[in-house]
Number of protein chains: 2
Amino acid sequence: MKRLREEELALWRSFVRLHASVIRRIEQDLADDRLIPLTWYDVLVALYQAPDHRLRMGVLKERTVLTASGITRLVERLEQQGLVRRERTEEDRRSTYAVLTRDGKRAFLQAWPTYEKGIADYFVNMLNAEEQRIIRSAFERMLAAHDAKGTASEPL
Amino acid sequence: MKRLREEELALWRSFVRLHASVIRRIEQDLADDRLIPLTWYDVLVALYQAPDHRLRMGVLKERTVLTASGITRLVERLEQQGLVRRERTEEDRRSTYAVLTRDGKRAFLQAWPTYEKGIADYFVNMLNAEEQRIIRSAFERMLAAHDAKGTASEPL
DNA sequence: TATCAATATTTGATTACGCAATTAATACTG
DNA sequence: CAGTATTAATTGCGTAATCAAATATTGATA
C-alpha cells in the first residue's frame with residue numbers, strides 16, 4: 001500500500017480542477033450563445049458520424065459518459081426537442097435506434113464553432129505540441145487499461 | 001478561428017473520458033467500502049487542514065468544484081450527518097463558518113486509504129515520472145491562467 | 001447619516017443523473 | 001422445444017447540483 005507523495009496529490013488535484021474549470025467555461029459559452037449543452041452535443045455528433053445517422057442506445061451509451069438510464073433520458077429529451085427520433089427495428093426488437101433529424105443536425109452544426117473554440121481556448125491551445133502528444137498518449141493508454149479491467153462496471 | 005485537428009480532438013476526448021472513468025471508479029470503491037463520497041471528502045479535508053478546523057462557506061466554495069448554493073447544500077447534509085457544525089460569528093454576521101466535528105474527522109480519515117488507493121491505481125501510478133511532471137506543470141499553469149481570466153464566473 | 005451598492009449565504013424551482021427493479025425479446029441448454 | 005439465462009432498454013425513486021431570486025449584513029458616498 002504505497003502512500004501518495006505530495007506532488008502526486010497535486011497532480012491529481014490539478015486534473016480534477018482543470019476538468020471542472022474547462023467544462024464549466026465551455027458550458028457557459030454555449031449557454032451564452034443559446035446553443036445546446038455539451039451532453040446533447042456528444043449524442044448528436046455520435047449520430048452524425050454513424051452510418052445513416054443512426055445508432056443503438058447501447059452504442060450511444062459507450063460513446064458518452066453516461067449510464068444506460070442516463071442515455072434513455074437524454075435521448076428522450078432530445079426527442080422532445082425534435083433533434084432525434086427513436087426507431088425500433090425488426091432485426092432485434094429489444095433494441096432501439098436513435099436517429100438524427102434534420103433539426104438535430106442543424107443544432108449540433110451550429111454549436112460546433114463555440115464548442116471548438118472552447119476546447120481550443122481553454123484546453124488544447126494552452127498546451128504545446130510536446131505536451132499534447134504526451135498527454136494524449138498517456139490518457140489513451142490509461143483509458144484502454146481501464147476498459148480492459150472493469151468492463152463490467154463500464155458506463156464509459 | 002483556428003480549426004481543431006483530429007489529434008487535438010482526440011486529446012480532448014481522452015481527457016474528458018479519463019476523468020469520468022477515474023471518478024466513477026473511485027466513487028464506486030468508496031461506496032463499496034461504505035465510506036463517504038468524494039464531494040464530502042473534499043469538504044472535510046479542507047476543514048481538517050484549516051486553522052481550528054474551520055472555514056467560511058465562501059472559502060470552502062473555492063476549495064471545491066461547486067457553486068455557492070452547491071456548498072450550502074452539501075454542508076447542510078454534512079451537518080445532518082454530524083460531520084460538520086455551522087457557526088455564525090460576530091465579526092461579520094453575513095458569513096457562516098463550517099467547523100469539522102470529531103465524527104467528521106473520523107469519517108474522512110477512514111475514507112482516505114480507499115481514496116488514496118483509487119487515485120494511485122486509476123491515475124497516478126499509470127503515469128511514469130516524466131509524464132507526471134509534465135502533466136502537473138501543464139495543468140497547474142492552465143489553471144492559473146483560467147483563474148486569472150474569469151475570476152468573475154469562478155466557482156472553481 | 002440615509003441611501004444605494006456590494007458581499008455572503010440561503011432558498012425555491014428545476015433539471016439531470018444514478019441505482020435498482022422491471023419489461024421485453026432473444027439466446028442457450030438439457 | 002420448454003425453460004432459464006442473458007441482453008437491451010426503460011421506469012420509479014431518490015439525490016444532488018444548478019440558476020435566479022431572496023435575505024441579511026456591511027461598505028461606500030453624497
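Order of the sequence lines sets the chain letters (A, B, ...), proteins ahead of strands, with each chain counted from 1. The structure displayed is predicted, hence computed values, not measured ones.
Here the OH-CE distance, from A:Tyr97 to A:Met57, works out to 12.5 Å after rounding to the nearest 0.5 Å.
C:dT23 atom P lies 19 Å from atom CG of A:Asp92, rounded to whole Å. Between the CG atom of B:Leu66 and the P atom of C:dT9 there is a distance of 14 Å, rounded to whole Å. When rounded to the nearest whole Å, the span between CD of A:Glu91 and C1' of C:dA25 equals 13 Å. Taking atom CD on B:Glu90 and atom C1' on D:dT26, their separation rounds to 13 Å, with Å as the unit. Spacing between atom CG of B:Leu60 and atom C1' of C:dT10 amounts to 15 Å, rounded to whole angstrom units. The interatomic distance linking A:Lys61 (NZ) with C:dC17 (P) rounds to 15 Å, in whole Å. Whole-Å rounding puts the B:Ile23 CD1 to C:dG18 P distance at 13 Å. What separates CE of A:Met57 from P of D:dT11 is a distance of 10 Å, to the nearest Å.
Shown here for A:Phe123 and B:Met142, the closest heavy-atom pair between the two residues is O-CE, 3.4 Å.
In this structure, B:Arg77 reaches the sugar-phosphate backbone alone: every heavy-atom distance under 4.0 Å involves primed, P, OP1 or OP2 atoms, never a base. If you check every strand for non-hydrogen atoms under 4.0 Å, A:Thr72 touches a base. Using a 4.0 Å heavy-atom cutoff across all strands shown, B:Ser69 reaches at least one base atom of the nucleic acid. Heavy atoms of A:Arg86 sit under 4.0 angstrom from primed sugar atoms or phosphate atoms, though from no base atom.
At a cut-off of 3.5 angstrom, counting only N and O atoms as typed in the model, there is no donor on one side facing an acceptor on the other between the side-chain of B:Arg93 and the base of D:dT25. Under 3.5 Å, the side chain of A:Arg94 and the base of D:dT7 form at least one donor-acceptor pair of N or O atoms. A donor-acceptor contact under 3.5 Å links the side chain of A:Arg73 to the base of C:dG18.
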With side chain to side chain contact (heavy atoms under 4.5 Å, CB included) as the test, would you mind laying out the steps for B:Tyr115 and B:Phe108 before giving the verdict?
-> CA-CA 10 Å; B:Tyr115 188 12; B:Phe108 99 82; over 6 Å; no

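Taking a cutoff of 4.0 Å between a charged side-chain nitrogen and a carboxylate oxygen, B:Asp52 and B:Arg54 do not qualify as a salt bridge. A:Arg85 has no carboxylate O lying under 4.0 Å from a charged side-chain N of A:Glu79, or vice versa, which leaves the two without a salt bridge.
Under 4.0 angstrom from either OP1 or OP2 of C:dT10 there lies at least one side-chain N or O belonging to B:Thr96.
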